[in-house]
There are 2 protein chains.
Amino acid sequence: MAEPARRQEHLLVVDDDGRIRQMLARYFEDEGYRVTTVDGGKAMREAMARAPVDLVMLDLMLGQGENGLDLARELRADSDVPIIMLTGRDDVVDRIVGLEVGADDYIAKPFHLREVLARAKSVLRRKAPAAVSEESAAKMIRFDGWQLDLDRRRLLRPDGSDVALTTGEFDILAVMARHPGRVFSRDMLMELTRGRSLDAFDRTIDAQIARLRRKIEADPAQPELVKSVRGVGYVFTGKAG
Amino acid sequence: MAEPARRQEHLLVVDDDGRIRQMLARYFEDEGYRVTTVDGGKAMREAMARAPVDLVMLDLMLGQGENGLDLARELRADSDVPIIMLTGRDDVVDRIVGLEVGADDYIAKPFHLREVLARAKSVLRRKAPAAVSEESAAKMIRFDGWQLDLDRRRLLRPDGSDVALTTGEFDILAVMARHPGRVFSRDMLMELTRGRSLDAFDRTIDAQIARLRRKIEADPAQPELVKSVRGVGYVFTGKAG
DNA sequence: GCGTCTTTGTAACAGTGTGTGACAACCTCC
DNA sequence: GGAGGTTGTCACACACTGTTACAAAGACGC
């Protein structure tokens, strides 16, 4: 089936398993795509820098202690390139990945190549018309009249106005607001927001919490939404709904 | 000081690695817990059916194609039993998903047994007094016109104004107010609020009670809400409703 | 590329919360 | 009434947290 002369779309496959790289590359090249395959984050960054990419297919479980989620977040920080996650796990993982980093679709391993192709086409079609088309219900967390939009990474005040949160501030709030009433240690917050663990005497989280409070609390000295639990950590005390 | 005959708490360890099962079983049994160990989902279901379980410690990477996250979700569907997940060192995805599925805490392998014990105590302490489900309606305790909001960690006076309680003060009041009329020994209060036991001649609890009274009693010298029981401890005498 | 602006990590300092020992007041039992 | 033990309170030291300022790192526009 000859493809009409069309700009060749460029796929980047990130997977530590050579067989999968080869399988995907062969199949998509047959389908008329240009395919680059890499085995990890470093190579991915290099490939991204070298040539524009239209779609990234990213394995969630990479070897070498690399984490697909981190790479996805990294990609999202830089660009709007569509991302399809490859995962061996079930729908729960995929949902989270979607929430966390804004991947566009997912495919569970083992997969059928025909299905991968269908998803890839679908994602490319959706993304192509410039602006992010909003077909899925936005994932929203509501509390005390506020709205935290996980897809758009925005926080809206009860009056609808926008709060300008930085990436770090947003990540901490997102993790905590998803579990009101649960106490998070600083270490947990560090791991959940950026996959690093905290070393002793690190005040990073405290500083971020302070900045966050300054933006979302009526009186930062008497916080109502993010409270401290002495000797343990922080807890989100907003009321869902 | 003889420990009051307290119900032995029952732990269920789910892990496919026999050495880990044995290590955890030995350690927690030494600490006075009853421990059951199983190696997979089937045995887990059987154990759960056989005897009530107070805490499940669940490995996320089970052999035989079994998925710890599925088991966690399955547990959550049926019950509110606290869950601690055992995860790989840097599998952030698993942790996020685990929390999302409803696990209460996670511990990265390899772990220190002392830390596991501390987490277990902490989870049991927070879960024990009535199932505090995360997204359920606000948990409120009312007494004599006062309102203690456990989710928001706030105390409101009859006139609706806010009382600024510290973490420690709030925890003690929360524990006692949940069980009006029941007498708590200092040791019990220490255990329930911070998972440590009290050593001899420790005046910590007394000091906290004094500070608490100063904030909530009309006349701290003639307490109406938190009374002393000489030779035993303290009792909350607020009238529910 | 370069300079500029934003975001983040870190150190320093101030303020708050808590544990501890001392002591006074109190209770109970003899 | 006195002894011995228990409780309330205070003061103080120390640990924990909030906040600010500044430097480093990163993002952005040109």
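Values in this document were obtained by computation on a predicted structure and should not be read as measured data. Proteins come first, then strands; the chains are lettered A, B, ... in the order of their sequence lines, and each starts at number 1.
Residues forming a side-chain contact (heavy atoms from CB on, under 4.5 Å) with B:E217 (at least two apart in sequence, or on another chain): B:R213, B:P223, B:E224, B:L225, B:V226. By the salt bridge (charged side-chain N to carboxylate O under 4.0 Å, His left out) test, B:E115 is found to be paired with B:R119, residues two or more places apart in sequence or in another chain being considered. For the salt bridge (charged side-chain N to carboxylate O under 4.0 Å, His left out) test, no residue two or more places apart in sequence or in another chain qualifies with A:R214.
Relative ring orientation between B:F143 and B:F236 is described as perpendicular, the plane-to-plane angle rising above 60° on a 0-90° scale split at 30° and 60°. In this pair, A:Y33 and A:F28 present their aromatic rings perpendicular. The plane angle is above 60°, beyond the 30 to 60° band.
Between A:I205 atom CD1 and C:dT8 atom P there is a gap of 11 Å when expressed in whole angstrom units. When rounded to the nearest whole Å, the span between CG of A:D219 and P of D:dG18 equals 13 Å. One atom, CD1 of A:I209, and another, C1' of D:dG18, lie 12 Å apart when rounded to the nearest Å.
Side chains of A:T204 and A:D202: a donor-acceptor N/O pair is present below 3.5 angstrom, by distance only. For the residue pair B:D159 / B:S161, a side-chain donor-acceptor distance below 3.5 Å is found, with atom types taken as modelled.
Between B:T204 and the phosphate of C:dT20, there is a side-chain N or O to OP1/OP2 separation shorter than 4.0 Å. Note on B:S228: a side-chain N or O is less than 4.0 Å away from OP1 or OP2 of D:dG8. In this model, the phosphate group of C:dG17 is not approached by any side-chain N or O of B:T167 to a distance below 4.0 Å at OP1 or OP2. Phosphate contact (OP1/OP2 of C:dT6, side-chain N/O of A:T166, threshold under 4.0 Å): absent.
Across C:dT20, D:dT7, C:dG19, the shortest atom-to-atom separation from the side chain of B:R186 is found for D:dT7.
Five base pairs at each end of the helix from C:dG1-D:dC30 to C:dC30-D:dG1 define two local axes, and these are offset by 30° (rounded to 10°).
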Mind listing the N/O atom pairs, protein and nucleotides 21-27 of chain C, below 3.5 Å?
| unit_1 | atom_1 | unit_2 | atom_2 | d |
| --- | --- | --- | --- | --- |
| C:dC27 | O2 | B:R230 | NH2 | 3.3 |

Listing time: all N or O pairs from protein to nucleotides 3-5 of chain C that are below 3.5 Å?
none

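Residues B:K215 and A:Q208 both approach DNA chain C. Their nearest nucleotides, taken by heavy-atom distance, put A:Q208 toward the 5′ side. Each of A:Y234 and B:R213 lies near DNA chain D, and the nucleotide nearest B:R213 is the one positioned closer to the 5' end.
Below the 3.5 angstrom threshold, one finds a donor paired with an acceptor across the side chain of B:R211 and the base of C:dG19.
The shortest non-hydrogen separation linking B:L86 to B:L24 is CD1-CD1, 4.2 Å.
Between B:R157 and B:D144, no side-chain nitrogen of the basic residue sits less than 4.0 Å from a carboxylate oxygen of the acidic one, so the salt-bridge criterion is not met. By the 4.0 Å N-to-carboxylate-O rule, B:D151 lies too far from A:K239 to be salt-bridged with it.
B:R153 contributes atom CZ, which lies 9.5 Å from atom CG of B:L165 (distance to the nearest 0.5 angstrom).
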